[in-house]
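From a predicted model like this one, the values you see are computed outputs, not experimental measurements.
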Amino acid sequence: MGFLDIKQATKSYGAVQVLHETDISIEEGEFLVLVGPSGCGKSTLLNMIAGLENITSGEIAIRGKSMNGVKPADRNIAMVFQSYALYPNMTVSGNISFGMEMHGIEKSEREKRISQVSDLLQIKHLLDRKPGQLSGGQRQRVAMGRALVREPDVFLFDEPLSNLDAKLRVDMRTEIKKLHQKLGTTIVYVTHDQIEALTLSTRIAVMFGGYVQQLGTPKEIYDNPANMFVAGFMGSPSMNLFPAKVVSENGQSAAEVSLANGTKASIPFATEELASDVGRDIILGIRPEAITDRDGADRNSQAVHIVEAPVEVTEPAGSDTFVVSQIGGKDVTGRFRADVAVNAGDTFPFAFNMEKAVAFDPQSENRIA
């Protein structure tokens, strides 16, 4: 039993089921991120934990106590919204203390908590201002401060950074990470941004179509995706996915792929997991950083293989150059070193690190190796 347990939870609106049976057990102090595209059910699940949405079936429990039917105010949770939800006519201090007043906390204790939290979030100089006088990042800190002073069992974050500009979003991401490391609080965080999910979480639940597609650590999700949706959704640029056929070459199994110039190439697998599948069509998955120039390849890998392939596009990106070739009729992106001399129209050696390759079934889209 975890600190927060979601047991076979479902949600339906009439005949439409938007969340299918979901089982997640969250330990105290964990940072769980619910990530997925719009409409996948992640915000619905967060609202069910908060009590803002009724649960259709199953159970949600905190500290072993069922929350089914318990009002939001009685759940000892605190929520930080995308819109901040600050009272415009109150000062920052008033916004932070309002929830404590409603719960009958004495003034001296309220002032003590406001002082502690404003120091932690570096907003002490803003306590007498009103929300209209604050920047987006400052408003987000105030919203977080209002949640922190409650000292709840669970913090719920609903896409809290989506209204901020790109640089501020990165800065606030770091602040939230520091805050979690310092306080050790239990957090459930919803986002559609997979970079936020990978950088903030201790575990990730990738959601799509009302189902949890995979639950695991950031490394497990990134390196060992359970299916093609997870592989394609997590990571930026996303994992390359292209058709291949399992063949036997010199007694070793390999992936045979078609290049844009009409030739075929065989790339040996790092293991013999697919040795009994010779002749089988698969979808090969490999991340851009595992396809690079010859000198940039992982020197510790025993399974780097060179494929001479036509270059379609080069995309300089400062620290790297992304190089695109067509393999199996799909654009395949490699992450090359910035100073590599490669141009569109070249035939260039691409170094594939097959220790990082995975294989999926084209029909079920589930991982098979």
- Please test Ile368 against Arg280 for side-chain contact (heavy atoms from CB on, under 4.5 Å), starting from the C-alpha separation and ending with a verdict. CA-CA 12 Å; Ile368 54 176; Arg280 180 177 184 175; 3.6 Å; yes
Donor-acceptor pair between [X] and [Y] side chains, under 3.5 angstrom:
X	Y	value
Ser364	Asp361	yes
Asn76	Asp153	yes
Thr191	Asp193	no
Ser162	Gln82	yes
Ser66	Glu59	yes
Asn227	Gln213	yes
Tyr13	Glu53	yes
Lys7	Ser25	no
Lys11	Thr44	no
Thr314	Thr321	no

Output yes when a side-chain donor or acceptor of [X] lies under 3.5 Å from a complementary backbone atom of [Y], and no otherwise.
X	Y	result
Lys177	Thr199	yes
Asp74	Val70	no
Arg287	Tyr222	yes
Arg150	Ile77	yes
Ser12	Ala15	no
Ser115	Glu111	no
Thr217	Arg203	no
Glu308	Phe350	no
Glu355	Gln302	yes
Arg129	Thr91	no

For [X], is the [atom1] atom crowded, meaning more than 12 foreign heavy atoms sit under 6.0 Å from it?
X	atom1	result
Asp119	CG	yes
Asp128	CG	no
Phe3	CZ	yes
Phe208	CZ	no

So that I can tick it off, tell me whether [Y] and [X] are bridged by a salt bridge, with the cut-off set at under 4.0 angstrom between side-chain N and carboxylate O.
X	Y	answer
Arg173	Glu196	no
Arg337	Asp293	yes
Lys245	Glu256	no
Arg113	Glu109	yes

Is any side-chain heavy atom of [Y] closer than 4.5 Å to one of [X]?
X	Y	value
Lys124	Val92	no
Asn68	Asn54	no
Lys356	Ser301	no
Arg169	Ile195	no
Thr333	Ile291	no
Leu241	Leu284	no
Met144	Val117	no
Leu148	Phe155	yes

- Item | Verdict with supporting geometry, Phe348 and Phe336, ring pair (Phe, Tyr, Trp, His ring centres under 6.0 Å) | CA-CA 12 Å; Phe348 200 84; Phe336 285 33; 5.8 Å; yes
- Take Glu365 and Phe360, measure what side-chain contact (heavy atoms from CB on, under 4.5 Å) needs, and give me the verdict at the end. CA-CA 6 Å; Glu365 299 191 352; Phe360 302 94; 5.8 Å; no
- Task: Could you give me the CA-CA distance, side-chain angles and deciding distance for Leu134 and Ile123, then say whether side-chain contact (heavy atoms from CB on, under 4.5 Å) is met?
- Result: CA-CA 11 Å; Leu134 306 179; Ile123 55 172; over 6 Å; no
Looking only at heavy atoms, what is the nearest atom pair of [X] and [Y], with distance?
X	Y	value
Pro72	Gly51	CG-O, 3.4 Å
Pro160	Val190	CD-O, 4.1 Å
Asp298	Val304	O-CG2, 3.8 Å
Pro310	Ala260	CG-CB, 4.3 Å
Met207	Cys40	O-CB, 3.6 Å
Leu259	Ala265	CD1-CB, 4.3 Å

Determine, using the 4.5 Å side-chain heavy-atom cutoff (strictly less than), whether [X] and [Y] are members of one ILVMFWY cluster.
X	Y	answer
Tyr84	Val149	yes
Leu198	Met239	no
Phe157	Leu200	yes
Val212	Met228	no
Val142	Met90	no

- Ring-face cation of Arg335 near Phe322 (centre distance under 6.0 Å, axis angle within 45°):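 No, Arg335 and Phe322 do not form such a contact.
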At what distance, to the nearest 0.5 angstrom, does [atom1] of [X] lie from [atom2] of [Y]?
X	Y	atom1	atom2	result
Ile221	Ile204	CD1	CD1	5.5 Å
Gln140	Leu121	CD	CG	10.0 Å
Glu28	Ile62	CD	CD1	11.5 Å
Asn163	Arg139	CG	CZ	10.0 Å

- Results of side chain to side chain donor-acceptor pair (under 3.5 Å) for Lys182 - residues two or more places apart only: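 Lys182 satisfies side chain to side chain donor-acceptor pair (under 3.5 Å) with no residue once adjacent residues are dropped.
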- Item | Pair Phe352 + His305: ring centers closer than 6.0 Å |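 No, ring centres 6.0 Å or more apart.
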- Might you work through the side-chain contact (heavy atoms from CB on, under 4.5 Å) test for Tyr189 and Leu32, ending with a clear yes or no? CA-CA 6 Å; Tyr189 186 108; Leu32 177 76; over 6 Å; no
